[in-house]
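Numbers restart at 1 for each chain; the letters A, B, ... are given by sequence-line order, proteins then strands.
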Amino acid sequence: MNSIVILAVVLLLTMLLAGGVSGLKAFISLGGCCCIVFLTVILIAWYFPYLWVTTINAVIILVLIIYLRDTDLNSANTAFCSSVIILTLLILLIIPLEHWAQVQGFSSENSADLESMSLLIGFNFMDAAIAMTILSCLGAIAEAAVSVAAVLSELLRHNPTISNTRLAQDGMLLGKQIIATAFNTLFFGFFGGFLALFIWFIRLNYTFGEFLNNKIFVVEFLMTIISIIGVILAIPLVIWITILGRAKSTTH
Amino acid sequence: MKIRHNLIHINWFKLLLFLLIGSGGYIFTTNNAHLYKSPIGQVVAVQNHHRTAQTDNFNNKDYQQTQTLKLKVLNGSYRGHFIKLDNTFSYSNAYDLRYHRGQQLFLNLPSLKKPSAIMITGMKRDTILFSITYLAIGLLLLIVKVHGLMALISVLLNAVFFFAAIKIDVVTHATTTNVLVIFGLLAVLLLGITALLTFGYSKQALILFCSSLSSTFLGLLLSIIILTKTGYNGINFEMMGYVTQLRIPLYLAGSILGALGAVMDVATDITASLFVLSYQNPTLNFKDFMRAGRKIGQSVMGPLINVLFLIFIAGTLPMVILTMRNGNNFSYTFAMVMSLGIVQSIISGIAIALTIPITTILTSWYCYQKREGK
């Protein structure tokens, strides 16, 4: 039997054990994201305009992560609006950044994997680098945005007369915790995903300079830092949108 | 306007200082060639030649173009000399790059007399690394102030131990079991440090530590049992990149480390909230705690597993496109390139999901126990 299928079934079971119906919803969201990522990759490989494909699918992924989750619609809407704004800002940052860094394509460390492959495939790898960086930061943005939005809406529910200043202060206090835990999630993900590469660097005695300027290291580092910038931006933005939404609902 | 003013106080003096240090760092990284041992040349002039159309076996249309670069050597014994160098690049840029004026390149420069031996070995990217990191740190300090520093210290400390563990792994030429022991111990150490930095020296930190450790361990154990029982069917370890030692233990070690941050994220959310809850409502019973803990865990589980999934899978995108364009269909590409990332996400997902019941039970039990004792 295929290992991946069995592992996926066990994942579903543990998610059901942990969360019942919401575990099932989380599993569906994960499966949905998986399909959207596959679709994005296939469409890009078929010469569809990569930026449109990636942006549209990125928004669908945000919908899947944010709305398939046990929370009130208001906080989900706030989280979604903030995530889309952050996604736009990050795309505007990623495109010039990738062109500046010129980290597209492969590096000499990949040469074993590239044997017997045709490299002249008429596809600009800059597009792939940008699409990859955009996709990699979506989870972190959505996670930070939903966490802050959910707690703010909880605060508002318990204390509807709370002042905006107080709400912003409490939101910031919470934001600090969220940033610290998100940092850990992202950096451990980074270390874990590239353990083999880091061992390679040390085993082959790369100097500190070679290591810092290495193409693959820079690609991965940029992906992690971009996600972190997204998480940091999410906190004030979600607070701001929550307060705006509140002003709107009181004038009606 | 007023809202934003309350959120972020802009101190012009600090902003100026920030920009000043930033420009200082930028100027330093663009002029630090003397710190590098390998020769660095700056492109001072570029001359692009004709394009030659290329078509490969899979009917992909590309072109190749040669450019003549004039470089000024910035360091080493040939400092100040100018050299001329040809560089061939393609439209796809899969394994080559088109260089522009002003860029600094690492060179292989044995002697000026043999121009054929001169080669470009890479691009200098420390300026960009500095700039983006500086931007992130600046935003962090602007938005969460000094608290941001704690998060940075935690990451730096973790990175130091991470590299120390790799050094041990390399120096001892670790065998199968050793690899898991080394990185298992590293995971325990990193968990301990992060728990202490999150909650200080307290019972809360201890609970966070124990529940994260047991969840990660159980999740990994379960995954190893499934993987060995199914004989690693459908997973192509031979496609793992950058391998310098035995693949499967290396892969599992990477999976433990990758999941650790997310596991701690869930466990921190649950323990922090339950401790606050027990402080605010002294009349809650064990079941109430369990219900509250589960509710918090459920809401973060889905997004967190997605965070890791997207990190692990996005990195494979260039390889997927290359493989598909080399006349392979999606199912072959999936099996060869993407399956390892998917399995790593699933292993992490199992550990994250297990964290919720384990942390909830441990914390509820402790909060309830403490109450009974009083």
key: Candidate pair B:N306 and A:S29, rule side-chain hydrogen bond (donor to acceptor under 3.5 Å, both in side chains), full reasoning   = CA-CA 8 Å; B:N306 270 313; A:S29 133; 3.1 Å; yes
query = To the nearest 0.5 Å, what is the distance between CG (B:L135) and CD1 (A:I229)?
reply =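 So the gap between those two atoms works out to 4.5 Å.
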key: B:S90 side, atom OG; A:L119 side, atom CG - distance, nearest 0.5 Å   =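 Nearest 0.5 Å value for the OG-CG distance: 8.0 Å.
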Is it the backbone or the side chain of [X] that comes under 4.5 Å from a heavy atom of chain B, or both, or neither?
X: A:S107; answer: backbone
X: A:F208; answer: neither
X: A:I179; answer: side chain
X: A:A8; answer: both
X: A:K25; answer: neither
X: A:V219; answer: neither
X: A:F106; answer: both
X: A:F191; answer: both
X: A:I134; answer: neither
X: A:L64; answer: neither
X: A:L204; answer: neither
X: A:F194; answer: side chain
X: A:C34; answer: both
X: A:A182; answer: backbone

task = Could you look at B:I350 and say if it's the side chain, the backbone, both or neither that has a heavy atom under 4.5 Å from chain A?
result =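 It is both, since atoms from each part get that close.
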Contact class of B:Y36 relative to chain A, heavy atoms under 4.5 angstrom =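 Contact with chain A involves the side chain of B:Y36 alone.
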ask   = With a 4.5 Å limit on heavy-atom distance, are the side chains of A:L114 and B:L322 in contact?
value =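 Yes, side chains in contact.
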message = What I'd like to find out is whether the side chain of A:Y50 reaches to under 4.5 Å of the side chain of B:I321, using heavy atoms alone.
response =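 Not touching, per the 4.5 Å side-chain cut-off.
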ask   = Which heavy atom in B:P318 sits nearest to a heavy atom in A:M132, and how many Å separate them?
value =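 Shortest heavy-atom separation between B:P318 and A:M132 comes out as CD-SD, 3.5 Å.
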task = For B:D62 and A:I121, work out which heavy atoms get closest and say how close.
result =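 So the two residues come closest at OD2-N, 3.4 Å.
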request  = Considering only heavy atoms and a distance below 4.5 Å, find which of A:S118, A:A26, A:G105, A:S116 pairs most often with chain B.
outcome  =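 Most pairs with chain B among the choices: A:S118.
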key: Residue among A:V41, A:L197, A:L173 with most heavy-atom pairs under 4.5 Å to chain B   =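 Result: the option with the highest number of such pairs is A:L197.
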task = Compute the centroid of each ring, for A:F211 and then for B:F163, and state whether the two points are separated by less than 6.0 Å.
result =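 Centroid distance A:F211-B:F163: below 6.0 Å, so yes.
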